[in-house]
Structure formats: C-alpha cells, structure tokens
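Structure, as structure tokens:
Lettering of chains follows the sequences in order, A, B, ..., and the numbering in each one begins at 1.
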Amino acid sequence: MTKWYWCFMLTVTLFTFFPKQALAQDLVEITTAINTVWVLLAAFLVFFMQAGFAMVEAGFTRAKNAGNIVMKNIMDLAAGSIVYWAFGFAIMFGVGNGFFGSSGFFLSDSFAHLGLDIPTPAFWIFQAVFAATAATIVSGAMAERTNFAGYLCYSVFITGIIYPVVGHWTWGGGWLDQLGFVDFAGSSVVHSVGGWAALAGAIVLGPRIGKYNEDGSINAIPGHNLLMAALGVFILWFGWFGFNPGSTLSGMDSSIAMIAVTTNLSAAAGAVLAMIVSWLKYRKPDVSMTLNGALAGLVGITAGAADVTPVGAVMIGLLSGCVVVYAVEMIDKIHVDDPVGAIAVHGVCGALGTLLVGLFATDGGVFYGGGLALLRVQAIGVVAVAAWTLTTAFLIFKIIDATVGLRASSEEEVEGLDITEHGSTSYPDFVPLYGKSFKIKKTS
Amino acid sequence: MTKWYWCFMLTVTLFTFFPKQALAQDLVEITTAINTVWVLLAAFLVFFMQAGFAMVEAGFTRAKNAGNIVMKNIMDLAAGSIVYWAFGFAIMFGVGNGFFGSSGFFLSDSFAHLGLDIPTPAFWIFQAVFAATAATIVSGAMAERTNFAGYLCYSVFITGIIYPVVGHWTWGGGWLDQLGFVDFAGSSVVHSVGGWAALAGAIVLGPRIGKYNEDGSINAIPGHNLLMAALGVFILWFGWFGFNPGSTLSGMDSSIAMIAVTTNLSAAAGAVLAMIVSWLKYRKPDVSMTLNGALAGLVGITAGAADVTPVGAVMIGLLSGCVVVYAVEMIDKIHVDDPVGAIAVHGVCGALGTLLVGLFATDGGVFYGGGLALLRVQAIGVVAVAAWTLTTAFLIFKIIDATVGLRASSEEEVEGLDITEHGSTSYPDFVPLYGKSFKIKKTS
Amino acid sequence: MTKWYWCFMLTVTLFTFFPKQALAQDLVEITTAINTVWVLLAAFLVFFMQAGFAMVEAGFTRAKNAGNIVMKNIMDLAAGSIVYWAFGFAIMFGVGNGFFGSSGFFLSDSFAHLGLDIPTPAFWIFQAVFAATAATIVSGAMAERTNFAGYLCYSVFITGIIYPVVGHWTWGGGWLDQLGFVDFAGSSVVHSVGGWAALAGAIVLGPRIGKYNEDGSINAIPGHNLLMAALGVFILWFGWFGFNPGSTLSGMDSSIAMIAVTTNLSAAAGAVLAMIVSWLKYRKPDVSMTLNGALAGLVGITAGAADVTPVGAVMIGLLSGCVVVYAVEMIDKIHVDDPVGAIAVHGVCGALGTLLVGLFATDGGVFYGGGLALLRVQAIGVVAVAAWTLTTAFLIFKIIDATVGLRASSEEEVEGLDITEHGSTSYPDFVPLYGKSFKIKKTS
Amino acid sequence: MKKIECMVRPACLEQLVITMEKLDLGGMNITQVVGYGSQKGAGDTSIYRGVEYTVKLKEKLKVETVVPDSMVETVIEQILKATRTDSVGDGKIFIYNIEEAIRIRTGERGDAVI
Amino acid sequence: MKKIECMVRPACLEQLVITMEKLDLGGMNITQVVGYGSQKGAGDTSIYRGVEYTVKLKEKLKVETVVPDSMVETVIEQILKATRTDSVGDGKIFIYNIEEAIRIRTGERGDAVI
Amino acid sequence: MKKIECMVRPACLEQLVITMEKLDLGGMNITQVVGYGSQKGAGDTSIYRGVEYTVKLKEKLKVETVVPDSMVETVIEQILKATRTDSVGDGKIFIYNIEEAIRIRTGERGDAVI
Ligand SMILES: Nc1ncnc2c1ncn2[C@@H]1O[C@H](COP(=O)(O)OP(=O)(O)O)[C@@H](O)[C@H]1O
Ligand SMILES: Nc1ncnc2c1ncn2[C@@H]1O[C@H](COP(=O)(O)OP(=O)(O)O)[C@@H](O)[C@H]1O
Ligand SMILES: Nc1ncnc2c1ncn2[C@@H]1O[C@H](COP(=O)(O)OP(=O)(O)O)[C@@H](O)[C@H]1O
C-alpha cells in the first residue's frame, strides 16, 4: 500500500463515483427536462387541434347548428379529459394483458413499467389530448342531427374504452405492438378509430333531412363559413406539428426534425393533389376538397412520419390527397351522410397511411427491399382496428339510440340544434337582424 | 513535499477547478437555456391569450361594436407593453418596500436582486403579457358603451400602477409574499385584479341601454357570434398552458407536467359542471355558460396549480364551474351589466380559487391536515387585493368620467361604437348588403 | 518512469480523454437538442403565420372572394413547400457562387458547409415556412381580381427563384452577406421581397373595378370582416415570436429573450403610433390602420431585432407605425390598388426597418457612433433587393399575363371569385339566406 | 297583374320553389324577414346567460311573385299545398294589385314580362 | 284591408313591437333594408384606410303590417308615437291597398285572418 | 303616388344611387333578396364536395322608391338606363299604387313627404 497506490485509487475513485455520478445525475435531469418541455409543448399544440376541429366542423355545416357543434367539441375535450383520467389511461397504459390494461385508474398506480424518460403527468397530458382528438373526429360526421345527450354518452365510451383498447394493443405493449405493427403517431390508433366510429355513427343516425332525394340523387348542403373552416385546417396543420414530432416523446431524439419535414411535405402534397383532382373532376379547384386534402395528407403521414424519407412523405401525401376526393364521393354515393368528410379523411386515409408504411418505410417497406412482412402486419393492424371500432361503436350507438335517443327529432333538425338543444342562436345579429330576440315582459 | 503529494494535489486541483468549473459553467448555460426557452415559449402562449380575449369579448357582444372591442384589446396589449416597460415592471419588481418597487424604470437598472435563472428580458416579456392580460379582462365588462379615449386612460393606469402594486405585494417580495400568501400563477394577482377593476368599471359606467327595464326585469342581449367566442375560449385554454406551467419560470422544474395536468383537469371539470348546472337550471345546456365554465375552471386553478393533486384540481374546477353560473346571474340581478361575464369568471372565481388553495394545497391545506393558517392568509390576500383594486379602479374611473368622459353618448351607443368611435363597420357585406358604404363623389 | 509519473499520466489522460470526450459528446447532443427543439417550435409558430395572413387578407377584402383568398394562401404554403424542397432551398443554401446556390436539390446533398448546430431538416423546415411567408404576402395585394391559375404560376416562381436568390445573397453566404449587410430575420429578405413582388403584381394587374373613379378620386372598398382581420393580426404577432427569436437558430443563444422583447415593443409602438396618426389625420382612431401599424412595427424590427436596444425597438416601431399610414395613402394615391396594405406594410416598412438598422444598431449604427458605413451597406442591400425583386416579379407577371392570364374577367370579378373560380360561396347561410343553393333535380 | 306575397316557414322554401317551377311561373323573389303573428312567441322561452326571454319574432321568408290575374287562384292553391303544416305560424298570403310590370332587359311591358 | 309599411330606425324596433302588441294587431313583418332619404349621408363622412367616403345608405328596418281599413288611423298614430324622434332620418309610412289575405294554416280569407 | 319596385343586379347599385340622386328623388330603400326568373339557374351548375347542384336562386337587390305619379315614367326610364345590360337576369320593375305617405318626423302627409 504505497502512497502512489492511494493516489491512484483516489483518482480512480473520484472518477468512478464523484463526478460521473453528479454529472450523470445532472445530465439525466437535463435530458428529462428537455424531453418534458418538448412533450408538454407538443401536447399543447395537439390540444389546440380541438379548436381546429371545432372550426372545421362548424364551418362545413350550417349556421343553425354552429353552437351545437362547439358544445360537442368542448365536451369531447372536457368530459373526455375527466374520463381519460379516471379510466381510459389505465386501460391504455396500465399493467394488463395483450388486450387491455387494468391498473392506474385516476392516475393512482405507478407507470414505471412504461420506462418513460418523462414524468408520468407529462405523458398523461400528451395522451389525453390524443384521446380527445379521436373522440372529436366523430362529432363532424354526426353533425346537424344528433341528440346532444346521446352524443355525450357516446363520447364517454370512446374516450373510456374504444380508443384506449386500440391504444393498448399498439402503444401499451399489446398484441399488435408485439407483432411489429408500426403506427408511429396514430394514423390507425387515433384517426382510423375516430373515422370508423364516425362511420358507425353516421350509419346508425342516417342522413340529414334533405340530403338524399327519393330517386337516390344527392343534394349539396354547403357549409356556412368556409373562412372558418380554412382557419380550422390551418390550426390542425399547426397542431399536427405537436402530434407527429411530439410522438417521439423525446426532444433529445434528433429525428423530430425529419418528422416535422415529412409531416409538412405530406400535408402539402395532399392539398396540392386534392386541388388538382377536384379541378380535373369538377372543372374548378374546390376549396373544401383542398382543405380536406391537406388533412388527408396529415392523417396519411401520421403512421409513418418517423419511418419514411421526404420523397416517401410526398408520395403518401399525393396518394392521400387523391384518395380522399374519391372517398368523399363514394361515401356520399352509398348515402352515408358525413357533412365534413371525417370518414374519408380520418378513417380511409388513416387506414391508407398505415398500409403505406408497409410500402415506404425505409426499414422494412416493400419499396426498400423489406418484402411483404411489414405490409402484412400493417394490414392485420388496419383490419383489427376497423373491426374492433366498427363493432363496438355500432353497438354503443344502437344502445344509445334505443335508450337515451341518438337522433334529434325532425322538427329539431329543421329548426336547428342551436335553438332546440341549447336555446341559443349563434349569429343573432345576422340571421336576419339586430334585436331579433329580446324580451318584452315576462307577463306580456 | 513528495511527488505523490503533488500528484494528489494535482488530481484534487484538477477536480476542484478545472472540469467542475468548465462543467458547471456548461451546465449553468444549458439549464439557463432550457429555462429561457421554456419561459419564452410560455410567454408566447400567454401573449396569444390576447387573441382569445378579443374573440370571446367580441363574440359575446353585438356586431356593431366588434371593431371597438378589437381596438381596446390591441391597445391593452400595445399601450400596455409600452407602459409596463416604462413603469409597471419597475413598480412590480424593482427594489422597494413591501408595497411597491421603485427602481428599474425602462428596464434600466439591474434586477439581480430577483435571483432569476433566466435573462431579465425573458422575465420581462413573461410579466408583460401577464400585465396585458389583467388589463384586457376589463374591456369585456365595459364593452358596448365606453368612450374609447376614456378607456385608453384607464388602460394606462391598470398596467402602470394598479396591477404592478398587487404584483409587488405577492411576487415582488412584498408583504403578502412575506405572509406566505400562495398565488402561484395569479388567480388573485392577475384575474381578480382584472375582475374587480371590471366590477368598478361596470358600476361607474352603468348598464347598456335596454339591458334593464324600469320594473327591474332583465333583458338578454345575445352575443353576435358564438363560434368566435368558442374559438376565443379554445385559444385562452391553449394560452393557459403557458400561463400556469410557465409560471415555474423554469423548464428544469419537473412539476411543470403536473401543473399542465391540474390546469387541464380543472378547466375540463369547470366546463362540465357549468354545463350541467345550466342544464338543470334552464332545462337546456347553455353554450355561453359552458364556455364561461371552462374559463372559470382555468381561473380557479391558477392560484393552486402547483400545489394541488389532480383530484384537488377537479374539485376546484367543479366548484368554479358551478359558482360561475350563479355569479353571472347574481351580478346581473344587482344590475351590474357585464356582457361577457368577466366579473364572475375572473373576479369571483379568481378569489374563489385563491381561497381554495387554503383547502386543497397538499402542503398546508385544510383537507390535508394543514389547519386554518394558510386559509387565513389566503383570505387576507383576497380581501386586500379586492380592497386595493376596487378602491383605486373606482377612483380612476370616476376621475376619467369627470374629465375625459367614460361613457359614450346614448346616440353613439345605439348607433354602435364601430361607426361612431372608429368610423368603420366590421361586417359591411352582411348588415345588410354589399357596397352599402361607397362614396359616389366628394362633391355630390 | 516512476509510479507517480504513471499516476500523473493516468490522471491527466483520464482528464484529457475519458470524461471530457463523453461529457463533450453529451453536451453537444444536449445543446443540439435544445437548439433543435427551439428552431422547430419557432418554425411551427412561423408556420402558423399562414393562418394569420389568410385571416388578415380575407378580412380586409369582400365576402365574395374569401374562399379564393384562402385557396391562394393554402397553395402558397402547400405548393411552396414542395417547390422549396425541390429547388428553392438548393438555390438559397446550396454550394454556389455569390449569387445563387446550385446543390442540394430535393434535400439530396450535404449541407455541411453551412456549419449548422441543428439537423438539416430542422433548418429546412424553418426556412421553408419563411419562403411560404414571402410568397403569401403577395396574395393580399393581388386579392379580388386575380386569375387563380395565373397566381399559382407566380407562386411557384417566387418560392423557387425570386426569394431564394435574395436569400442566398444575404443568408447563404452571398455577396450582400460578405458586404456586412445586416438583416437578422428578414425585413428585406422576406418582407421586402414579398412587398415588392406585391407592388409588381398590383401594377401589372391594375386596380379592382370600382376602386378609382374617372376623375381620379378614390373609393373605399371596406373589408368584410374586421374581427377576422384582427384575429389574423394577433396570430401574426404570435407567429413573429418564432420568426425573430427563432432566427438565432439556437436556443442556447441567450439573446433570444431580448429579441422577443424588441419584437414586442416595436409592434406595440407601431400599433400605438398608427392609431394616433390615424386619429389626428381622420379624426377617429382607425381600426384597420392600427392593425396595419402593429404589423408595420413587426416588419420594421425584423432586420434589427438582435442588434438594437429596447429604446431602439420602440423608435423603430414608432417610425414604422407612422410611415405605414402615409405609405398606404400614397400607394392608393398613385392608383396602385392594394386591398390589404401589403406593399406599405411589408415592402416599405421592410425597407425602412433594414435602413434603420444602420441608425439604431448598437454595433455600427449611426446613433451609436458607428458612422455611416453600416448605413451605406444597408442602403445597398435595400436597393439591390428592390431592384432584383421588382424586375423579376414584373417580368414573370407580364409573362403570365400574356400566357395563362393574370387578371380575372370583369364578369368574374363582379360576380366574385369564389363562385367563378371555385364554384363555391363562403357564407351561403348569410348572403342572404338558408338553402339558397339547393339542387332540385338534375333534369329539371 | 297581381302580386302574391306570402310569409312562410323557411323550411318550406324548397317545396315552394319546386311548386313554382311546375306552374311555370315567370319568377319570384325571396326575402328574409322576421315575423310576429298569432305565434307571438308562445311557449318559446329561451334563456341566455341566466336571463329568460321570449323570442317574439320568428324567422320567416317572404316570397313574392307577380302573376297575371288569371293565375292568382291557382297559385294560391299551390302555395297552400306547399306550405301548410296545420300548425300555428304557417303564415299568411296577401294579394294586391300591380299596375305595371317592365322587363329591364328589353324594356317591354305588360303581362308578357312576368 | 290596408298594408301599412314603414321605414324606421333600428333602435325603435322594441318600442314598436310593444306598441303593436298593445294594439293587439294580428301580426307584422320586419325586414332589414338600407335606405336613402333626406339624410343623404349628410355630415356622415367616414374614412377607411385613408379614403374619405360618404355613407349614402343608412340601415333601417322596414316594418309591414296588414290591418283592417278601420284600424289604419289608429295604427299610424301609434307608429308615430313609437318611432318619432323629430330628427332627420325618422323614416316614412306608406299605405296601400291589399285585396285579399289568406291564412295558410286554415285557408280562410278576409279581414278575419289578420 | 306610386311605388316603383325593381329587382336589379347587385352590381348596378352604385349606378342606380347616382341616378336617383340626379333625379333628386326623395328617397329609396334597398333590400337583399334572392330571385328566381327566366335565368332559372341555367348553365350555373356548381359542385360542392363532389355533388353537382344548380344555383336556382340568384342574389338580387330589390330597390323601392315612392314617387309622385308625375315622375313615374322619368324614373322608369332612368332605372332602365342604369341597370340594363341586355343579358338574361337583368330583372323587373313593378309599379303599384300607394294611397298615402306620412313622414314620421313631422307627421305630414301627401306628395310633399316623398
Ligand atoms: N297582419 C299581418 N301583417 C303582416 N304579416 C303578418 C300578419 N299576420 C301574420 N303575419 C306574418 O305571418 C307569420 C305567421 O303568422 P301567425 O299569425 O304566427 O300564424 P298563423 O297564420 O298560423 O296564425 C307571422 O310571423 C308574420 O310574419
Ligand atoms: N320616396 C321614398 N321611397 C321609399 N323610401 C323612402 C322614401 N323616402 C324616404 N324613404 C325611407 O325613409 C328613410 C328616412 O327618410 P329620410 O328622408 O332620410 O328622413 P325624414 O323622413 O326624417 O326626412 C330613408 O332612409 C328611406 O329608407
Ligand atoms: N314574376 C315575377 N315576380 C317577382 N319577381 C320576379 C318575377 N320575374 C322575375 N322576377 C325577378 O327578376 C329577376 C330577374 O328576372 P329574370 O327573369 O331572371 O331575367 P329577365 O328579366 O332578364 O328575363 C329574378 O331573379 C327575380 O328576382
């Protein structure tokens, strides 16, 4: 035991424990902070998408139902937040089997098994706004004719069960996850779930009065405020920069930059192609289709945002932008009345985007020499999500219809849900004049 | 002095100064950067709340005053920014006594005594948008009947004096701070100040023409654009994620995640309960009340966002959402005309939220075994803020009324402030037709 | 070679390589992450400015063209993103000469020569939204009378060539950069380019029908929705916090805080002074001028945001807010019809702001003892940008006019571009009633 | 010539246009009005922000068409068919005399122009 | 039957409805119009973005009610009371003949329906 | 007194007001209406989200002015001048009798008030 030995040992010891430890701890704190800040800000952006959905849906429907749509959106978010806190999150991310989780109701248990780099509350709020997104997609397809109380019941079910179960399969360590299913930010988990639930809802509800003629021909019911709808699309596009890049759950992950790029290119390509297709088909570039095209591109890229190249993103966007136009028409032709195109945008393009990962993923995609394995898994996922969502949503809507009532009466529908459901008018100064609804005297 | 000694000393020295210093410096730079990025982005979100206020206030009032409301909001922000830079910030955070600061006008002196982890300008902009928020709350309650020049005068006073003084008491190291008063992000400092100033303003102004009948009965004056109001509420909710989580002033503080969660849950609970209460009371779920309920939940949680559990947040939200409905009615019943519910939302729920910290704070709250000490301090704070704000605001409004004039003439009010104050119409194409206001020839 | 020597060497070696390396690597990763997160979030904010432009432009024009304006804005963004990915970025930042770059088309080559602290995709998206901003400025000045196909052609050229070339000169290492030209975030590069292209477009197009009388007198054509325009301005102001502070390309750069402050103060001063000037000139505080004033302050500060003090920022804002009012009038007087004031706000105030850097820059400005050197360089830059943009834009517009056609027919213009170009109405429920456009039967 | 002016429920518009088209009427005009009649807001108490109020004025459409004297009765009959729902608030039809009609496009006058 | 058609200031609407209600009139219709009269935009020069312009057309409400011949004078009197402010721009009342009135709900005709 | 009621294209409004002003007419009222006439939406097929539809109703303005009997022809002539474009959809002018006119501001009656 010579002095130099001690000196050596000291040096080594100091290196081994002291600074490394301190440093490592500091570094962990710092990277956690970066990740937390990133995930929270992304969650806020995704939250803001609720405003986008409300504006798109209200803008694409008639003025007499604008307040009702707003109410449904706010409740999807508000009631949804509460329900997802109480149940949904536990079912989606709690410890459980391959099909659903069953611990952590009311955020009570530990979620250490997820191995997160961020505090659980940060993860929760990011997931909660995703759940609200899935829920709110449906309100658009069911707009202008749904009983408000009935809609509320449905909203609780989608955020509490339908969506979390699919989420558990894919992101909660469930069976699809184990199969190798790739759905980075939720083309299927969020958007297809919303879209297929919207399909079930629109079918159970039936079309709006005056939408289809006895001879089968279709009437247009133009939305009341295209400018608001456009604002909504801009807000959604903006929020999507939280939705996709945020889904890394890490600001340290340098792929967030490329994800933002693929997201943007796909949206751009979707808008451009939807415009061109509508131009060719209808001789004029259609505003509402172009808006839908941008959304289609966004939905389409969501599954593969982290796994495709910019060229792949443009291709996915072009395909989504083209498909959405035909899908909107086709859905209308089979007399499923979807005033805002939610089924086409979120359901169809969500499924499409999920499948396209099997083609364009640089790691495993058909076009990158990956063979058909991934594509098969993606197809399984798409079918499973559609089957589960359509079945449960259909069931729930039928049950609601038989109990609380799902459809507004035809008098209510004709009069407008704003007045009949909420006793209010959204634009009292305009349709048609000031002071239209003043009270003279209670007794008079 | 042997060689090993030198070696030992070398090792220790190297450890003591060299890397640690470099490392420490790097780490400080990095954490400062994280904090700065966080605080700036939070400030931007809070900034955006100005748009939310403008939309809510314009949406809840009549079309003929929309431009006037926009002008008041922009000036609260623009003039407010200048005034807060020149005076307000110095009074709020300058070196001073327990009641007000008195150094740092025009950002000139050092603010080192605050011991901030972020550059002073980052702190300033975060505080400046808070000041603008307090100011702009008032414009809603005084909408549709206020002289624009008079309003401008008031706006300078609230950002320059009324708000900064309360801010100094609580956040600038003043007497309330020393008492242990908890107002994390400003239920009292920002919202109650705005709300009580709104109360003073509405009282001095008197009600809008046609709001109350001679027999004391009340008329409804529905807002002209519920969709815009809803957009405003979404924007405010979005901005609140800067308001509350940002108030840690640190992205390194991992509680920012939980603060985002409590903020969101309280808002959700507020919206849900306001809807339910309005449903029970009026037989229909009221859109505007639900919107107010979400805001009430947000205002309510602001004081305690960092100190309560999710359950506590839901309780605070529920209470706020319920109270706001009754408060709106009560304020109307005593014939204080507040077109947008600013007094109920910001004044009443701000005070309520501050008090509820005394019940729900995990550290010191009554329900968590903390006894009544905190509650008493909270009550003192609430009363002090109300007393100061009501007195000074009332005084200032009376002085303005006697000099510049606070109320628009009844002709102006009937005609609408857009035309009379600003010579413009907000919707010339709609009320009622294109080209209504064209010039034929100057000489004709 | 004694033991202590080894021990010493060990210590030194350990210090030299081991931890430093690991540490350095960790630190680089961390700072890169902070920079990336910052730049991405800033890019998202800048992206959102597209919504602001759409709302401002639609709000300041007539209802019958709202959908057309939205389409132009979306295409500036969507087509612009694709074009900038394919060509623009390569021309702007590729390896090249002093005038344009010529490598990196489709993001294919390396951009290592830029020496960025962030991943190339992060840089790309930040630059792409800037390009879209420059493009979309023009749509406002050309509103209400432009052939849609013609506009699309122009849009491709500005994002693909006109803007990237100027960008290369200044930010891509080109000749202006080497002269020492200071344009921090693009008063000239982005806003003046947009503004001068707008001037060229408005001149080639000619005024809207009914704007100028035969005797030379001017008619007012009020915008159809001031509230939307105001929302747009708030969104733009919000987005500008990404535009300017984000242009550091680094969240580690602590000057981002001061840049946010100068940006905000200048906007505030611009709004206040534009209001005062309009009040003095027209006897009433004009809403639309005040909105323009805020934008003018933002455009003005953009060049010098990082180089001036708060006092300098206020001065720049005041000057911009004053100049914009006179510029709007002057441009109208020479019968260049710019419905939204884009030329005055972006062209004139962009040039003004660039010049004012020569006066107010703390490093090199005339008022800070820097002499005239910087001012001369700024003037050269302003002139060069104007000359290049006006020439190329004028040429392109003339060519489009001669081939595709730039101006809508007078029937189309009178009827409104929404119907004639896109076959849609933006507000079918309001102008003037429900169900105006329903289909009875195809054969009837 | 007579002008037939009727105040009807907005929901009837589509049916009314179809009817008019079948009758091959020359044209018609539709205006958004708010009306006050036997309905008198009965039963329609709304609540805005806690204040109960009666919607005194109902949204209606005013449909005007000028027809030759000979067609008046037929048109009335068809309007009744298209708009009658048998519940209060169906509206009224008013008939009055028009002395002259002129087609702006040609300047021609008389029964031929309508 | 006569139709009484009056152009009044928007601010008078409430008082007018109260008056009509007191008279127990059968009903009325309100339309938003813009009017041009002796006011002729006098003194009302506005400025939009630096361009001075005269607001030639004022927002008015057109209130129409069909009443039995016997009530015409009473109604005119009451309208005058409700809407007169003695300043330029108060508006006009026009009276003209209605030949027939039909209640859509029942098909009945004549004075009884109004 | 006669009321001259014309349905015209919105784009003609400015010219019409100028014309009326030159004639020194007492006043007029403008209402937004949607009209249906010989145009019958011919050729105007629009498409909304893939569904073709015909715009049956065109936006028009209804311009009403009450003038003394003596001025009727002059006014008609001027209206024709201001609004005629010789293409389908120009609109119609209808003339009918007004029995009485009252100026609300003063209560005075007769030709003088218009
Ligand atoms: N005397 C009248 N003058 C003008 N319009 C009337 C008159 N009476 C009724 N109306 C119009 O007819 C509409 C329906 O009339 P109302 O009396 O409510 O129903 P009903 O005819 O079924 O009794 C009213 O809203 C109003 O627009
Ligand atoms: N000859 C007219 N024909 C139709 N409407 C008229 C006529 N004269 C006036 N009016 C209407 O009456 C309104 C007020 O009339 P005006 O002449 O300005 O005021 P006053 O009646 O007090 O002199 C006008 O805005 C217009 O709507
Ligand atoms: N019989 C009618 N009754 C009332 N309004 C009519 C009638 N015929 C035409 N109009 C109005 O005149 C407008 C133009 O008429 P239209 O027949 O389309 O053109 P034109 O007169 O050139 O043949 C219509 O849109 C409608 O508003």
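Relative orientation of the C:Phe238 and B:Phe47 rings is parallel, given thresholds of 30° and 60° on the angle between their planes. Aromatic ring orientation, C:Phe48 versus B:Phe48: perpendicular (interplanar angle above 60°, classes split at 30° and 60°).
Residues C:Phe234 and B:Gln50 are in side-chain contact: their nearest non-hydrogen atoms beyond the backbone lie under 4.5 Å apart. Counting heavy atoms from C-beta outward, C:Ile256 and B:Val37 have side chains that approach closer than 4.5 Å. Proximity of B:Tyr427 to C:Leu226: side-chain heavy atoms (C-beta onward) are nowhere separated by under 4.5 Å. Residues C:Leu231 and B:Leu231 have side chains in contact (heavy-atom distance under 4.5 Å, counting atoms from C-beta outward). Counting heavy atoms from C-beta on, the side chains of B:Pro119 and C:Met258 never come closer than 4.5 Å. The side-chain heavy atoms of C:Pro310 and B:Trp85, taken from C-beta on, include a pair separated by under 4.5 Å.
Here the NZ-OG distance, from C:Lys284 to B:Ser424, works out to 9.0 Å after rounding to the nearest 0.5 Å. Here the CD1 atom belonging to B:Ile125 is positioned 11.5 Å from the CD1 atom belonging to C:Ile259, to the nearest 0.5 angstrom. In this structure, C:Met228 CE and B:Met228 CE are separated by 3.5 Å, a value rounded to the nearest 0.5 Å.
Of the atoms belonging to B:Thr32, not a single heavy atom falls under 4.5 Å from chain C. For a residue to count as touching a neighbouring chain, one of its non-hydrogen atoms must lie under 4.5 Å from one of that chain's; by this rule C:Ala267 does not touch chain B. Contact annotation for B:Ile69: neither backbone nor side-chain heavy atoms come within less than 4.5 Å of a heavy atom of chain C. When heavy atoms are compared at a cutoff of 4.5 Å, C:Val314 approaches chain B solely by way of its side chain, counted from C-beta outward. For B:Ala128, no part sits under 4.5 Å from any heavy atom of chain C, backbone or side chain. Both the backbone and the side chain of B:Leu45 come within contact range of chain C, each with at least one heavy atom under 4.5 Å from a heavy atom of that chain. Contacts of C:Ser254 with chain B are made by both backbone and side-chain atoms, with heavy-atom separations under 4.5 Å. For a residue to count as touching a neighbouring chain, one of its non-hydrogen atoms must lie under 4.5 Å from one of that chain's; by this rule C:Ile30 touches chain B with the side chain only.
Atom CZ of B:Phe87 has 12 or fewer heavy atoms from other residues, nucleotides or ligands within 6.0 Å.
C:Leu227 approaches B:Ala58 most closely through the heavy-atom pair CD1-CB, 3.5 Å. Taking all atoms of both residues into account, the shortest heavy-atom contact from C:Val261 to B:Pro121 is CG2-O, 3.3 Å. For the pair C:Ala260 and B:Leu40, the tightest heavy-atom approach, listed with the atom from each and the gap, is CB-CD2, 4.1 Å. Minimum heavy-atom separation, B:Ser81 to C:Leu265: O-CD2, 4.0 Å. Looking at every heavy atom in both residues, B:Ile74 comes nearest to C:Leu291 through CD1-CD2, 3.1 Å.
Per-residue counts of heavy-atom pairs under 4.5 Å with chain C were compared for B:Asp418, B:Val129, B:Ile82, B:Thr36; the largest is that of B:Ile82. With chain C as partner, the option from B:Leu41, B:Ile34, B:Ile118 having the largest number of non-hydrogen pairs under 4.5 angstrom is B:Leu41.
A donor-acceptor contact shorter than 3.5 Å is absent between the side chain of B:His422 and the backbone of C:Asp286.
The aromatic ring centroids of C:Trp237 and B:Phe44 lie 6.0 Å or more from each other.
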